[in-house]
Amino acid sequence: MKNTKYIILFAALVFTTVGCKKFLNVTPIEAQSGNNFWKTREDVEGFTNGIYARLKSKVAGTPTFFNEDDRAFFPALEVRGNNVVASGISGDGSTIFNSLANNNMKAIVASSGRFSDMMKNIMSWKEWYDVVAASNILYFEVDKVPSSSLPDADKKRYKAEAVFLRNLSYMFICKLFGDAVYYTDAYHSSPLGRTPQVTVMNRCIADMTTAKADLPSAYNDATSNGFRPTKASAVALLMHLNMWAAAWDTDVKTKYYEAVKTLATELDTYSNYKILPITPANTLKIFKGRSSENLFGILQEFNYGEGFSLTAGYSYYFSHFPYQGNVTKTSSSMYYASNYMRKLYPPGSPDARITTWFENYDAQSGSFQFKKFANTYTTGSGNAISVTSDDSAIIFRLPDCYLLTAEALAELGDESGARDFANRVTIAANAPLIIQDGQDLKDEIYRERCRELIGEGQFYFDLVRTKRVISSDFTGSPMSVANLNAGAWTWPLTITAAERSANPNLIGNNFWN
């Protein structure tokens, strides 16, 4: 992802065509045609790297010492509606994150400042559509490369990779905003309205299911594993697409649960993946991104010049020295409510995650220390030493898939199978086995997702998807059923005047308008 020449070329030729002025109304650019650009494997790889650069830009930004391109994407997804308190974030940070925890999105929209700007970046879907548009171009143009330069099998792999990237983008668009503008043709030129999210999910499921076979089981280049899609990555994405569709297409939800059950069987055939016991050493491996658990993520690696915005990492908020900040940072800026943490991880109950991932996990103060993201790099020396997170952004990993499978099986009435999949995770954590049944089983599987995936950006999506967002048992800021149905779960969607002019069919999210 460091090929500057191709990233610059990609930005110049692609992203300017899908900016506000031409949003979803792209005019073909002759310079991108197969005759002028798509000639070699290097051309294709460089273009593909540009898509990953754009994906990284959306969710992680770049280090502040480059251009102050701040992001807080995954932390925001974890904090919204969660049982957390912000007390020590500079500027407008504490106010914004407390509003987010309280689901007070209107206050965020009305505010201004560094952190409110980061939230407003999430409220824009333009960069997701940059990825969609570029993926569609990759899918269309790669066939024009001479087979002498790029064998047909490799063309199929790149096309499958394009399908994965556009469907990943549509997944996030729907999880954030609901209905999406859906298209798959390259150089799209006709204005479109929004398609119902269930329809989008089903189209993505069909799209990814067809393309999955053309992805590799693993890459010969070990540096690509965990950061370029494999068949197992596609399985993880398909599980998420199916479970999101099941949440809204309730009349036929069983078919989605059955699909997840089938996908789990396939996932078990990929012997290169396995869950790792919770230890400090394994935690470092998992969140660096190339362990046997990792299915897909976005690389951060200081030594390779692949840095994130400081605010993009969970450690920035929930950790202090020696895991984040300088020697004078002795308190975390955010912490979890003690009653929530004790319910999640009961005191005295064995669980390797308590001792490995936390210090003072139920302190409800700045002494709370989050050690789950413990890969760091250090700059300076003496009293000027500063520690910064060097963890990658993990989007899909094996325990996530096992717990989605457990949830699907519980919904299908296969409680024994549900416990078996869920306990693959509890066993790795040296935690008590899940033995419940009925609704208690479903609730415990949900809590196990909260325990295992804490800090990884899954919390709010799970809260909404399972409809537990209406219950004070699971969130400190429940919403009414009426507001849920009216779209209060979505993020406000910013559509600029230029975008409306280019595509008058665009509408925002009515609840927030």
Side-chain angles (χ1 to χ4, degrees), residues 74-75 78 82 225-226 232 236 264 267-268 270-297 300 313-315 318-319 322-324 332 335-336 338 340-363 368-376 389-407 418-436 444-459 462:
F74 289 112
E78 191 72 14
N82 212 332
N225 288 314
L267 185 59
D268 276 347
Y270 302 129
S271 58
N272 50 320
Y273 294 99
K274 64 178 181 179
I275 197 166
L276 297 176
I278 299 297
T279 66
N282 283 341
T283 296
L284 290 171
K285 291 177 184 177
I286 292 165
F287 296 102
K288 179 47 66 178
R290 293 195 180 99
S291 79
S292 62
E293 276 195 16
N294 293 104
L295 303 179
F296 185 74
Q300 179 173 217
Y314 214 55
S315 296
F318 287 88
S319 302
Y323 294 93
Q324 199 279 323
S332 297
Y335 50 83
Y336 284 85
S338 59
Y340 173 74
M341 293 299 281
R342 290 169 186 162
K343 183 183 292 185
L344 212 56
Y345 306 95
S349 180
D351 193 322
R353 291 170 295 204
I354 299 176
T355 54
T356 304
W357 293 352
F358 303 98
E359 290 174 6
N360 302 318
Y361 83 106
D362 60 349
F368 175 94
Q369 177 77 292
F370 197 53
K371 302 187 297 180
K372 187 178 187 180
F373 304 125
N375 289 290
T376 61
S389 173
D390 202 32
D391 289 286
S392 299
I394 307 306
I395 296 177
F396 300 132
R397 65 186 181 97
L398 206 54
D400 171 22
C401 292
Y402 288 160
L403 292 169
L404 285 180
T405 303
E407 185 181 330
R419 286 189 289 267
D420 286 347
F421 269 93
N423 284 327
R424 295 184 185 189
V425 181
T426 63
I427 289 170
N430 196 28
L433 295 178
I434 291 175
I435 59 174
Q436 293 86 343
E444 192 61 22
I445 291 169
Y446 173 82
R447 290 193 179 95
E448 184 60 20
R449 283 186 65 81
C450 293
R451 284 188 284 265
E452 176 66 24
L453 303 176
I454 189 170
E456 297 181 41
Q458 301 276 6
F459 177 83
D462 282 347

Within-4.5 Å side-chain heavy-atom neighbours: [X] and [Y]:
X      : Y      : result
Asp390 : Lys288 : yes
Asp462 : Cys450 : no
Asn430 : Ile278 : no
Ser319 : Lys371 : no
Ser315 : Tyr323 : no
Tyr270 : Leu295 : no
Phe318 : Tyr336 : yes
Glu456 : Phe287 : yes

To the nearest 0.5 angstrom, please state how far the [atom1] atom of [X] sits from the [atom2] atom of [Y].
X      : Y      : atom1 : atom2 : value
Tyr273 : Leu398 : OH    : CG    : 9.0 Å
Glu448 : Leu344 : CD    : CG    : 8.5 Å
Glu78  : Gln458 : CD    : CD    : 8.0 Å
Arg397 : Ile286 : CZ    : CD1   : 5.5 Å
Thr426 : Ile435 : OG1   : CD1   : 11.0 Å
Leu403 : Glu452 : CG    : CD    : 7.0 Å

Kindly give the heavy-atom pair with the smallest separation between [X] and [Y], and that separation in Å.
X      : Y      : answer
Ser291 : Leu276 : CB-CD1, 3.8 Å
Asp391 : Asn375 : OD1-ND2, 2.7 Å
Phe368 : Tyr335 : CB-CB, 3.7 Å
Ile354 : Ser349 : CD1-O, 3.9 Å
Ser392 : Gln300 : OG-N, 3.1 Å
Leu267 : Ala232 : CD1-CB, 3.9 Å

(message) Both conditions, 6.0 Å and 45 degrees, for the charged tip of Arg449 above the ring of Tyr446: are they met here?
(response) no
Mark yes or no for whether Asp400, through its side chain, and Phe396, through its backbone, hold a donor-acceptor pair below 3.5 Å.
no
Is the side chain of Lys372 donor-acceptor paired with the backbone N or O of Ile454 at a distance under 3.5 Å, no angle test? yes
Practice problem: May I ask you to check whether Phe370 and Phe358 place their ring centers less than 6.0 Å from one another? | Solution: yes
Stepwise side-chain contact (heavy atoms from CB on, under 4.5 Å) test for Leu433 and Ile427 | CA-CA 7 Å; Leu433 295 178; Ile427 289 170; 3.7 Å; yes
Exercise for the section: Would you please classify the geometry between the Phe373 ring and the Tyr314 ring as parallel, tilted or perpendicular, with 30° and 60° separating the classes? Expected result: perpendicular
salt_bridge(Glu293, Arg424) N-O dist < 4.0 Å: no
Residues at least two apart in sequence or cross-chain that pass salt bridge (charged side-chain N to carboxylate O under 4.0 Å, His left out) with Glu444, listed by chain then number, are Arg451
Begin with the C-alpha distance, continue with both residues' side-chain angles, and end with the deciding distance and a verdict on side-chain contact (heavy atoms from CB on, under 4.5 Å) for Ile434 and Phe421. CA-CA 10 Å; Ile434 291 175; Phe421 269 93; over 6 Å; no
